[in-house]
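Order of listing sets the numbers, starting from 1, for every ligand and every atom in it. The analysis underlying the following values was restricted to heavy atoms, covering all of them including side chains, and did not include hydrogens, waters or symmetry mates.
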Amino acid sequence: MRWLLGVSFGELMLKGKNRKKFIKNSIKQVLKALHGFNIGEHFLDHEKLFIEVLDTTEFTKIIEKSTMVFGLSYVYPCIQCGKNFEDIEKSIVELIKNKNYDEKKSFKAFAVRADKSFEMNSMQIAAKVGGMVLRNFDNFYVDIKKPEVHVHVDIRQKCYAYLEKYSTIGGLPIGTGGRALLLLSGGIDSPVAGFEMARRGVEIGAIHFHSYPFTSERAKDKARRLAKQMSIYVGEVRYFEINMLNIYTAINKNCRERFTTILSRRFMMRIAEKLAEKYRFDGFVTGEALGQVASQTIQSISVVNDATRLPIFRPLINMDKSEIIEKAKWIDTYDISIEPYDDCCSFFAPERPVTKPRLYDIEAEENKLNIDELVEKALETLEIFDIIVE
Ligand code: ATP
Ligand code: MG
């Protein structure tokens, strides 16, 4: 008998020919999430993953970590035993004793037989398991409608018994949805946007634009800490930093003030596109929500889109600020985001920004600038890190 963490894969079961790749990816992510715990071997048994847990006092933390991995359906602590009823009984007794139930408890036995060569069918196994529980525990009684305790026995290649399942945050395994570069400001929205895309299996890189020394070292550090907090969910984040001060200075000097935000956003997209080409990202993610601020209108979005040929995903587009804040709190980025260190945009934000920009007005402003040279100069300030939570 030994204790294992069982892992069931969810939605990916529907994905036909991609299934093998998805499972492989999920295994990698789960093992990454459990790095540092006292775990032993892992193996697949009829498309469920089992990971040996050598120190059972770590189970609470192990469950906490593994339920945050995208692409899983549920996880459960279980005992693996011999494929015979003597061993099954021992395992069930151990599982229930481990729980220290002292009052009366209703229960129901559930059985799955993935190994069709096993001598009994699942109904017969469940009935036998029910009998075992009654024989060993006076305080247990059967309730098939609303049982308090679920006693599961799975006959697969090997045999497993367990009482509880923990549902996970869902989604698809990271890496199965391509790679996208998140434009990470220091605000509340962009980390949530990155999380939402990662939930659909997209591997996330992050790019932060700063205006050091006009903006502080703390502002840079804040964005890095946001990426680090995100990486708990999204895995390793390739992190890019670019100094935009030369661009803001040129815009300030040459262009009409009310176009500053939209012009700088288009520069961000051009720079991000150069990096996407070099570091193989398939698209971008931003934290815009329609109508949230004056610059987040369909017209602005359209003018920003025009600056790049790659798609820009905006997973928060229809969300209310209150919903975004709730999510930011849930992934623990909120407290970092509300720290007062500002990024470059807030410093250079015009008092009355254009809300319905027209492309030809923007192009007229850009004609006053040497775009390629400004982009090249900004790219020279590139710094790259890999950010990961140990
Ligand atoms: P956030 O809360 O993410 O800062 P916001 O509501 O403040 O968003 P804007 O300032 O209009 O909105 O920025 C829209 C999006 O542009 C951000 O969500 C982000 O994806 C991107 N962005 C803005 N500033 C920066 C920056 N300094 N570095 C990287 N990306 C940025
Ligand atoms: Mg912002």
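Not a single N or O atom of P191, backbone or side chain, sits closer than 3.5 Å to an N or O atom of ligand 1. Distances between N or O atoms of D189 and those of ligand 1 include at least one value under 3.5 Å. For a threshold of 3.5 Å applied to N or O pairs, the pair formed by G287 and ligand 1 contains at least one separation below that value.
Heavy-atom separations between H210 and ligand 1 are all 4.0 Å or longer. Using a non-hydrogen distance threshold of 4.0 Å, M268 registers as a contact of ligand 1.
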Margin query: Quick one, Y166 with Y74, criterion ring-ring contact (aromatic ring centres under 6.0 Å, His included). Give me CA distance, side-chain angles, the key distance, then yes/no.
Written below: CA-CA 5 Å; Y166 296 84; Y74 57 88; over 10 Å; no
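Less than 4.0 angstrom separates some heavy atom of I188 from each of these atoms of ligand 1: 2 (O). Numbered from 1 in the order shown, with element, the atoms of ligand 1 that lie under 4.0 Å from a heavy atom of T286 read 20 (O). Per-residue contacts place I207 under 4.0 angstrom from the following atoms of ligand 1 (heavy atoms of the residue considered): 29 (C). Residue contact check: G187 has heavy atoms under 4.0 Å from atoms 1 (P), 2 (O), 4 (O) of ligand 1. Atoms of ligand 1 found under 4.0 Å from any heavy atom of L184 (numbered from 1 in listed order, with element): 28 (N), 29 (C), 30 (N).
Of the candidates Q296, H208, M269, R265, the one placing a heavy atom closest to atom 23 (C) of ligand 1 is R265. Counting heavy atoms only, L183 comes closest to atom 21 (C) of ligand 1 of the residues L183, L181, I312.
For F240 and F209, the gap between ring centers reaches or exceeds 6.0 Å.
Qualifying ring-ring contact (aromatic ring centres under 6.0 Å, His included) partners for Y162, counting only residues two or more places apart in sequence or in other chains: Y76, H152.
Other residues, nucleotides and ligands place no more than 12 heavy atoms under 6.0 Å from the NZ atom of K97.
Residues R266 and N305 bring no donor and acceptor atom of their side chains to less than 3.5 Å of each other. Between the side chains of D320 and S322, not a single donor N or O lies within less than 3.5 Å of an accepting N or O.
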Just distance, no hydrogens or angles: give the donor-acceptor pairs under 3.5 Å from side chains in residues 154-161, sequence neighbours left out.
{"unit_1": "D154", "atom_1": "OD2", "unit_2": "R156", "atom_2": "NH1", "d": "3.1"}
{"unit_1": "R156", "atom_1": "NE", "unit_2": "D45", "atom_2": "O", "d": "3.2"}
{"unit_1": "R156", "atom_1": "NH2", "unit_2": "H46", "atom_2": "O", "d": "3.0"}
{"unit_1": "Y160", "atom_1": "OH", "unit_2": "D45", "atom_2": "OD2", "d": "2.6"}

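Salt-bridge check for E89 with R135: passed, with a basic side-chain N closer than 4.0 Å to an acidic carboxylate O.
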